[in-house]
2 protein chains.
Amino acid sequence: MVERNTTRKSPRRTDALSRERITAAAVELLDAAGEGGLTFRALSERLATGPGAIYWHVANKSELLEAATDAVVAAALPAPVTPVAADECVELAKPEAPVRSPQDEIRAVALGLFTAIAEHPWLATQVTLQLSLGPAKPVPLRLFESLGRQVGALGVPQESWFTAASALMHYILGAAAQNASNARVAGSEVGRAEFLDAVSAAWEELDPDEYPFTRAVARQARDHDDREQFLAGIDLILAGTAAR
Amino acid sequence: MVERNTTRKSPRRTDALSRERITAAAVELLDAAGEGGLTFRALSERLATGPGAIYWHVANKSELLEAATDAVVAAALPAPVTPVAADECVELAKPEAPVRSPQDEIRAVALGLFTAIAEHPWLATQVTLQLSLGPAKPVPLRLFESLGRQVGALGVPQESWFTAASALMHYILGAAAQNASNARVAGSEVGRAEFLDAVSAAWEELDPDEYPFTRAVARQARDHDDREQFLAGIDLILAGTAAR
DNA sequence: ACCTGAACACCGTTCAAGT
DNA sequence: ACCTGAACACCGTTCAAGT
């Protein structure tokens, strides 16, 4: 891990290629130009190499996307926390750490992903893609574990753990993904308001016979606060798990 | 709509190109070879034309994917039904139609999409992509409307309609998408069992310190029935909406 | 109005060749 | 062991030209 730190006189090759540097550059490109912005050519230009060099560290593009997604999500999610009311593992590691209720811990995880997707809209597609590729991919795994631990501490009977944790995970990913569309269109607060107005207006112009419900909630859609709505959904699911 | 039906003697040009024929062929390609299988070249070969011809009927590839997704989902979802317990619109159109409770109607909608995604795994990505592109796309709109109508009939207070319908929609899309991964890998029942065994085994080999919860539910993951689990999640959310 | 098919720009990926 | 960069196969899309 320790590299000989030659006095920076010869600037060449301080910057050897590595999986980490490639991943970081990929995230920058994705943030700057969206999903279409990540290209092996653009990436190798940014890293001052040829396209082939990248393949020495990364197998292909989907592995690169997975690594980028994983890195951002890992940074966004709070480190998994042993729940306070767990039956086993009673000894708390660090008494000075702030202790949150399982409900609050779940909300913190949810908001962490929500915020990350708002800041990196390309995450929405990638995260749901990982989900659709199987439950063993890093992001679903991490999320499932973080949520599940708290679900256990909630007093949910063990045979419902899987169901409860899955419901939470799916809601979080879906709602956060939908919200990314706002972020994509609306960088500024003004743009956001305009976007919501447009959606609301479009909904109000729908055929009253075909879309009575959507029309009825069009105003709600315009006036809602994203985070508030998002957390309201979490609470709804938590209420469902508590309702036995 | 009516075409002159010349006696099939001259086989040429009975098959004029149309948006519908193109969409149908696109669905066939997607079903046969997955997302990578849909190509303007492959498509034009199947339709016995040049690639350029398709652009006369369809603006670009994403519009084509949207049309294919929309067509399959529309066929899979039961026609939106006016709920039985609605406050307005009391007159029932067809008394001989089987009347379902709002809960059952919601389950029917959910299962419709679940089955469609199981039969067309490529739908998973496309549907969640539409969701992440905004709430005005056809699929989210259709699903939201179908679910929302029943939510209203459930006795949910109006200010919670948006939250409840959204929670249901996100769960359904997420869970159905995850399930598509099973369908992708496992055409047969045998393959499916093997796949679940593999996931379960992978989960059981996770680091006990990092993934205690996921390890704990690994057996549940192997033995569960997909549809049962899926519906259990729906019922959990319904319980949450009823819990006020 | 609708179709043809060659052409363009660009992409992921490979690989012989270098150091 | 790691990097270079030309080359390959393939893709979405365009457009002058046809009917």
Side-chain angles (χ1 to χ4, degrees), chain A residues 1-4 6 10-30 32-69 122 125-126 129-130 133, chain B residues 1-4 6 10-30 32-69 122 125-126 129-130 133:
Chain A
M1 287 295 171
V2 183
E3 288 170 0
R4 258 173 301 168
T6 57
S10 69
R12 44 151 84 178
R13 293 300 125 85
T14 323
D15 55 343
L17 232 42
S18 71
R19 205 168 201 276
E20 288 69 35
R21 282 196 63 230
I22 293 173
T23 304
V27 170
E28 284 173 32
L29 278 176
L30 287 164
E35 340 226 350
L38 180 57
T39 287
F40 275 84
R41 270 162 253 260
L43 191 57
S44 60
E45 191 182 355
R46 195 181 198 92
L47 292 167
T49 26
I54 296 168
Y55 281 88
W56 183 260
H57 303 272
V58 162
N60 50 41
K61 189 173 185 181
S62 68
E63 191 182 299
L64 180 58
L65 277 164
E66 187 175 310
T69 305
W122 53 270
T125 315
Q126 285 316 117
L129 182 68
Q130 276 204 31
L133 287 179
Chain B
M1 290 293 172
V2 183
E3 289 171 1
R4 260 174 297 169
T6 55
S10 70
R12 45 151 84 175
R13 294 297 127 81
T14 321
D15 55 343
L17 231 42
S18 71
R19 205 170 200 275
E20 288 71 34
R21 282 195 63 230
I22 293 173
T23 304
V27 170
E28 284 173 32
L29 278 177
L30 287 163
E35 339 224 351
L38 180 57
T39 285
F40 275 85
R41 271 162 253 260
L43 192 56
S44 60
E45 192 181 355
R46 196 181 196 92
L47 292 167
T49 27
I54 296 167
Y55 281 89
W56 183 260
H57 302 271
V58 162
N60 51 40
K61 190 172 184 181
S62 67
E63 191 182 298
L64 180 59
L65 277 165
E66 186 174 312
T69 305
W122 53 271
T125 315
Q126 285 317 119
L129 182 69
Q130 276 204 29
L133 287 178

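Proteins come first, then strands; the chains are lettered A, B, ... in the order of their sequence lines, and each starts at number 1. Just so it is clear, the structure is predicted and the values come from calculations on it, not from any experiment. Computation of the quantities below employed the complete heavy-atom set of this structure, encompassing side-chain atoms and omitting hydrogens, waters and symmetry-equivalent molecules.
- Comparing A/I54 and B/G52 against DNA chain D, the residue whose closest nucleotide sits nearer the 5' end is A/I54.
- Contact annotation: the side chain of B/L129 never approaches that of B/T69 to less than 4.5 Å [non-hydrogen atoms, C-beta and beyond].
- Residue A/Y55 contributes atom OH, which lies 12 Å from atom P of C/dC15 at whole-angstrom precision.
- Close to C/dC11, at under 4.0 Å from its OP1 or OP2, lies a side-chain N or O of A/T39.
- Evaluation of the side-chain contact (heavy atoms from CB on, under 4.5 Å) rule for B/T49 yields B/L17, B/S44, B/L47, B/A53 as partners, not counting sequence neighbours.
- Of the possible polar contacts, one joining the A/S18 side chain to the A/R21 backbone as a donor-acceptor pair under 3.5 Å is found.
- Taking a 4.0 Å limit (strictly below) on heavy-atom distances, residues 60-68 of chain B does not reach DNA chain C anywhere.
- Between A/L65 and A/L30 there is a side-chain heavy-atom pair separated by less than 4.5 Å.
- Pairs of residues two or more places apart, or lying in two chains, never qualify as salt bridge (charged side-chain N to carboxylate O under 4.0 Å, His left out) while including a residue from residues 50-60 of chain B.
- Residue pairs meeting the salt bridge (charged side-chain N to carboxylate O under 4.0 Å, His left out) criterion with at least one member in residues 48-61 of chain A, sequence neighbours excluded, do not occur.
- Atom CD of B/E45 and atom C1' of D/dC11 are 15 Å apart (whole Å).
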Restricting to nitrogen or oxygen on both sides, can you table the protein-nucleotides 16-19 of chain D pairs closer than 3.5 Å?
none

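- Shown here are the side-chain contact (heavy atoms from CB on, under 4.5 Å) partners of A/E45, two or more places apart in sequence or in another chain: there are none.
- Applying the salt bridge (charged side-chain N to carboxylate O under 4.0 Å, His left out) test to residues at least two apart or on different chains, none of the pairs has a partner in residues 49-58 of chain B.
- Residues meeting the side-chain hydrogen bond (donor to acceptor under 3.5 Å, both in side chains) test with A/E63, sequence neighbours left out: A/R19.
- Atoms CD (B/E35) and C1' (D/dG12) sit 17 Å apart, rounded to a whole Å.
- Here A/W56 does not reach the OP1 or OP2 of D/dC3: none of its side-chain N or O atoms lies under 4.0 Å away.
- The separation between B/F40 atom CZ and D/dT14 atom C1' is 12 Å, rounded to whole Å.
- Scored by the salt bridge (Lys or Arg N to Asp or Glu O under 4.0 Å) test, B/E28 finds B/R46 as partners (sequence neighbours excluded).
- Put simply, B/H57 has no side-chain N or O that comes within less than 4.0 Å of OP1 or OP2 on C/dA1.
- Mapping A/R41 and B/R41 onto DNA chain C via the closest heavy atom, the residue that lands nearer the 5' end is B/R41.
- Atom pair A/L43:CG and C/dT13:P shows a separation of 12 Å (rounding to whole Å applied).
- C/dC11 atom P lies 12 Å from atom CG of A/L29, rounded to whole Å.
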Check your understanding: Dot-bracket for DNA chain D, 5' to 3', counting Watson-Crick or G-U wobble pairs under 3.5 Å, with [ ] for crossing pairs and | for inter-strand pairs?
Key -> ||.|||||...|||||.||

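- Applying the ring-ring contact (aromatic ring centres under 6.0 Å, His included) test to residues at least two apart or on different chains, the pairs with a partner in residues 38-64 of chain B are B/F40-B/Y55.
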